[in-house]
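Working notes for the structure below.
Numbers here are sequence positions counted from 1.
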Amino acid sequence: MKLSLIRSACSGLRVHPRSRAGGWTRRCPTVGPAAGQSTFRAASDATGRGTSAKLGLHLRQQSRKTDGSECAASLREVVQHTKDAMDVLQRRNPPIQPLLAIVQAGEDDSLLEINKKMAGKIGLNITQICLAKQFSEDEIVEEVLKLNEDPRVHGIYLHLPSAALTTRVLETLKPEKDIDGISDLNIGRLVRGDLSKGFVSPLASAVLDVLEKHDAPLEGKTVLLVGGEGRVGSALQCLIERSGMVALKNNWNLEILQRQVMQSDAVVLLGGGNIDILPTCFRPGAAVIHCEPTLESDDHAFELSSRSGIGYLTAAYRAQNVVRSCSRWIQGQQYRPWRLRSLKLQPLTPVPSDIEISRAQIPKPVNQLAEEVGLLPEELEAYGRSKAKVCLSLLDRLHTQPDGKYVLVAGITPTPLGEGKSTVTIGLVQALSAHLSLNSFACLRQPSQGPTFGVKGGAAGGGYAQVIPMEEFNLHLTGDIHAITAANNLVAAAIDARMLHEATQSDKALFNRLVPSVNGVRKFSPIQFSRLQRLGIDKTNPASLTPEEVTSFVRLDLDPSKITCQTKNTTGFDIAVASEIMAILALADSLEDMKNRLARMVVGTSRSGQPVTTEDLGVSGALTVLMKDAIKPTLMQTLEGTPVFVHAGPFANIAHGNSSVLADKLALKLVGRDGFVVTEAGFGADIGMEKFFNIKCRASGLRPNVVVLVATIRALKMHGGGPNVSAGAPLPKEYIDENLSLVAAGCHSNLKKQIQIAHLFGIPVVVALNVFKTDTQAEIDLVCEIAKGCGASDAVPCNHWAQGGRGSIKLAQAVNEAASRPSNFQFLYNIEMPIADKIRTIAQKVYGADDIELSPAAKDKIDYYNQQGYGLLPICMAKTHLSLSHMPDKKGAPTGFVLPIRDVRASIGAGFIYPLVGTMSTMPGLPTRPCFYDIDLDPVTGEITGLF
């Protein structure tokens with residue numbers, strides 16, 4: 001059969017019909033009589049094992065015969081031992097079926113037969129991959145790469161001429177699949193005596209087994225190896241010497257061969273050659289083991305004697321290695337204990353700028369970090385040296401692994417300067433992992449360009465508690481926000497295009513273009529079937545639609561005044577991090593869930609009052625394609641080398657303000673039962689924390705163990721009656737000088753209220769006082785004392801900004817203690833409550849309002865959402881972050897106010913209703929002098945300046 005014909009018959013790797021390896025539906029023609037046990041495949045490029053041999057045991061007159069009962073006994077032992085291991089493997093992992101891939105030149109099935117028979121006894125699958133007899137090194141390498149990455153293949157046997165096993169080929173072969181033990185790593189492990197991960201050549205094992213059965217004990221005996229200068233010969237020599245024997249080698253040097261034969265207790269012929277030695281030259285009882293190579297690069301076929309005891313024993317040891325490889329693979333899929341190597345910090349005084357600190361620390365290569373925290377190489381997609389996407393397949397691999405402890409970092413109502421929740425989050429995980437040796441992961445939002453180029457200049461933490469490299473964290477990262485922007489633009493373009501075409505074409509013209517005839521056949525696409533189902537049209541043949549059905553199918557009839565997605569026609573903008581697609585990314589728990597959520601996005605309303613979705617537009621599948629990489633969290637690290645997931649970045653005042661569900665779920669599996677996942681909710685606890693509990697926890701099913709509530713003395717002074725604080729302006733003296741009365745007033749108002757809000761959800765609170773250099777010890781002690789009196793489980797000062805993780809050790813200990821106590825988590829409201837009542841509950845219990853006031857527009861929207869069946873969604877309040885009320889200048893814990901709801905909108909794909917409180921805008925502006933004035937690039941060094 002020609003190679004081209006083999007390709008057409010079976011173009012991919014297949015298994016036999018009885019295989020339980022999932023997803024292999026097409027099958028290649030079976031080879032040999034054991035039809036259910038092996039398959040045959042030709043390959044465009046393949047790799048094979050060297051040293052193909054005619055294996056036999058040949059004895060001269062005066063040598064002792066050992067190819068009968070002794071070899072058979074060894075064979076029975078190896079087969080039985082391997083069958084037992086196979087039974088254990090399959091009892092524990094029924095879907096797994098070990099598979100051996102044999103790569104060879106030409107189509108001869110002789111070698112396959114002997115391995116098939118062994119596989120049949122043990123229960124393995126075998127596939128045969130045939131290269132053309134004239135093949136190139138590139139073809140071998142390409143085939144090996146495919147087999148390396150195929151999780152269904154557990155062993156690769158390269159049955160190729162020795163000359164084909166080049167350094168490049170052997171370096172390509174994965175050592176963990178090299179069941180013939182010919183890779184450099186496996187040979188090296190054998191030489192070192194470290195076989196816990198490696199493999200020994202099956203032929204070498206078979207020969208040693210025969211020698212042991214022939215003349216035990218072996219110590220002190222002499223074995224002559226004739227020929228076999230390759231890797232199998234080296235492996236056998238090593239095994240012989242490790243067994244206490246003396247190994248002599250002869251590469252067909254006839255001048256000394258006879259003398260060496262006379263000295264030897266056994267002679268092993270490993271290479272081709274013709275010799276004529278008299279029987280009298282052999283020691284009495286000496287064994288002669290003949291392993292005659294027969295695979296050549298010419299056109300001569302080779303034969304494998306079915307009577308060869310060594311041949312079957314070698315095949316049995318090869319099968320044993322395949323089962324062992326499969327068992328190791330399964331073990332490698334289990335949870336891996338961490339071996340985290342922390343990076344040392346040497347804090348300086350005074351503390352340098354954030355960017356100087358970040359650049360002074362060299363991060364670990366991301367693949368090293370990933371290995372330290374138990375990620376597999378195939379679960380990592382590197383983006384440069386310091387960051388990588390992590391594949392969601394991790395959740396399947398570790399689905400039985402218990403989750404770790406879940407910690408939420410929230411804050412009191414902040415000043416415009418921010419109070420350091422991100423810094424506290426990073427300092428806490430640095431303390432947990434680098435100083436207390438507890439597994440911990442930080443899960444942070446990706447900062448958007450608004451804060452980075454507007455006010456903050458970065459959001460990677462600060463001081464000696466940062467994510468590094470901070471430039472990469474603060475700028476493009478891995479492009480997730482750009483993917484969201486592209487997806488939003490695609491929706492806008494789809495809306496504009498559809499409205500234009502509906503306005504300029506007849507129903508028939510629209511239908512003919514939406515459902516084009518291809519080769520005379522007109523078919524609906526899968527996404528169009530979804531639209532038909534929504535319309536109640538149960539038809540599959542486009543020609544069967546009535547004119548009325550055609551009209552309803554092709555006409556979305558969007559009302560231009562009720563489009564909820566910004567387009568060129570609406571002449572408006574929403575920031576990407578406030579978009580529904582960003583919220584969907586943050587709340588989705590799988591790729592399928594994200595796809596379904598994107599399809600449910602409502603982009604507008606038809607003139608008849610019906611919601612129009614992205615699926616109706618036909619664009620939801622394309623949106624999923626744009627977002628397919630963005631759904632994977634990005635792995636980075638802190639200054640002390642502890643792991644961080646950065647994923648999603650919804651604002652907290654105009655969106656739900658939390659990092660992704662998926663990042664938290666992945667991290668909770670990786671840290672293990674006793675580890676910690678620390679995630680942050682945006683702005684104050686009244687906003688970010690409330691949405692974390694009522695929206696994110698409903699979507700994820702996760703329940704937190706502890707809330708860390710971040711406070712600063714400057715924010716407490718502001719809530720206690722201090723003057724206003726503005727970004728970029730010098731702090732008034734009240735915030736620099738000691739003022740215990742302002743601190744106490746702020747504690748008894750805003751801090752107390754935020755602790756009470758956390759207790760509404762049944763979660764213990766640890767107050768983290770983020771210490772600044774202007775804080776006095778009396779002020780620090782007062783805050784901690786009042787906080788505990790207000791119901792906090794503990795309250796501790798934190799100095800991570802100046803000291804790194806060491807400055808948050810007390811916080812880490814307090815969190816560990818609080819997490820060990822039982823919590824009684826509960827949602828704030830029943831999801832089945834009417835929309836207005838859910839809004840009222842948040843306003844009264846969280847914000848302290850007397851009641852709510854719904855505008856006529858808001859009432860109409862609520863009625864419409866109830867009619868459409870959206871009334872069971874949770875609430876995401878769009879409210880100022882600068883006050884518990886809707887009035888930014890009202891500090892402390894305002895009371896006696898009515899919360900005005902001017903509008904109510906819906907993010908159906910994300911899965912929440914969001915009321916707009918007061919004058920809240922979904923497109924925040926930049927300050928008069930944004931940070932971008934100072935951000936620049938040095939064209940000589942390539943260094944970024946201006947981030948801080």
Q | Evaluation steps, side-chain contact (heavy atoms from CB on, under 4.5 Å), between Leu438 and Phe676 | A | CA-CA 8 Å; Leu438 295 170; Phe676 290 83; 4.0 Å; yes
Q) Where do Ser422 and Glu680 land on the side-chain hydrogen bond (donor to acceptor under 3.5 Å, both in side chains) test, with the steps shown first? A) CA-CA 7 Å; Ser422 298; Glu680 174 201 347; 2.9 Å; yes
**Q.** Intermediate values then yes/no, side-chain contact (heavy atoms from CB on, under 4.5 Å), Val765 and His759
**A.** CA-CA 8 Å; Val765 178; His759 286 164; 4.0 Å; yes
Q: Show your reasoning for whether side-chain contact (heavy atoms from CB on, under 4.5 Å) applies to Asp664 and Lys696.
A: CA-CA 11 Å; Asp664 291 357; Lys696 185 176 180 179; 2.6 Å; yes
Q) How far apart are the C-alpha atoms of Thr712 and Asn770, what are their side-chain angles, what is the distance that settles it, and do they pass the side-chain hydrogen bond (donor to acceptor under 3.5 Å, both in side chains) test? A) CA-CA 5 Å; Thr712 62; Asn770 190 13; over 6 Å; no
Q: Check step by step if ring-ring contact (aromatic ring centres under 6.0 Å, His included) holds for Tyr406 and Phe692.
A: CA-CA 12 Å; Tyr406 199 23; Phe692 173 87; 5.7 Å; yes
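Shown here is Arg336, whose CZ atom has more than 12 heavy atoms of other residues, nucleotides or ligands within 6.0 Å. In the displayed structure, Lys364 atom NZ is contacted under 6.0 Å by more than 12 heavy atoms of other residues, nucleotides or ligands. The neighbour count for Lys845 NZ, taken as heavy atoms of other residues, nucleotides or ligands under 6.0 Å away, does not exceed 12. In Arg673, the CZ atom is not crowded: 12 or fewer heavy atoms of neighbouring residues, nucleotides or ligands sit closer than 6.0 Å.
Counting only N and O atoms by type, the side chains of Asn367 and Glu371 include no donor and acceptor under 3.5 Å apart. The closest side-chain donor-acceptor pair between Glu372 and Gln368 falls under 3.5 angstrom.
Salt-bridge annotation for Asp403 and Lys665: absent, with no side-chain N of the basic residue lying under 4.0 Å from a carboxylate O of the acidic one. Ion pairing between Lys344 and Glu640 fails under the 4.0 Å rule for side-chain N and carboxylate O. Between Glu176 and Lys197, none of the side-chain N atoms (NZ, or NE/NH1/NH2) sits under 4.0 Å from a carboxylate O, so this pair counts as no salt bridge. Salt-bridge formation is detected for the pair Lys389/Asp480: a Lys NZ or Arg NE/NH1/NH2 atom is positioned less than 4.0 Å from an Asp or Glu carboxylate oxygen. Asp686 and Lys879 are joined by a salt bridge, as a carboxylate oxygen and a charged side-chain nitrogen come within less than 4.0 angstrom of each other. Ion pairing between Glu472 and Lys387 holds under the 4.0 Å rule for side-chain N and carboxylate O.
Within the 3.5 Å criterion, the main-chain N or O of Gln333 finds a donor-acceptor partner in the side chain of Arg397. With Trp338 contributing its side chain and Leu670 its backbone, the two residues share a donor-acceptor pair below 3.5 Å. Using a distance-only test at 3.5 Å, with no hydrogens or angles considered, a donor-acceptor pair links the side chain of Thr425 to the main chain of Lys421. Formation of a donor-acceptor pair under 3.5 Å by the Gln826 side chain with backbone atoms of Leu760 is found in this model. Ser907 places no side-chain N or O within donor-acceptor distance of the main-chain N or O of Gly909, the cut-off being under 3.5 Å. Although no hydrogens or angles enter the test, the distance criterion places a donor-acceptor pair under 3.5 Å between the side chain of Gln430 and the main chain of Tyr464. Counting only distance, with no hydrogens or angles, the side chain of Glu419 and the backbone of Thr415 share a donor-acceptor pair below 3.5 Å. Using a distance-only test at 3.5 Å, with no hydrogens or angles considered, a donor-acceptor pair links the side chain of Asp593 to the main chain of Asp589.
Between Phe645 and Phe441, the distance from one ring center to the other falls under 6.0 angstrom. Centroid-to-centroid, the aromatic rings of Phe825 and Phe693 come within less than 6.0 Å.
In this structure, Arg698 forms a cation-pi arrangement with Phe827, its terminal cationic atom sitting closer than 6.0 Å to the ring centre and no more than 45° off the ring axis.
Screening Met601, Arg600, Lys595 against Arg597 for a side-chain contact (heavy atoms from CB on, under 4.5 Å) leaves a single residue, Arg600.
For the atom pair CG (Leu343) and OG1 (Thr638), the distance works out to 7.5 Å, reported to the nearest 0.5 Å.
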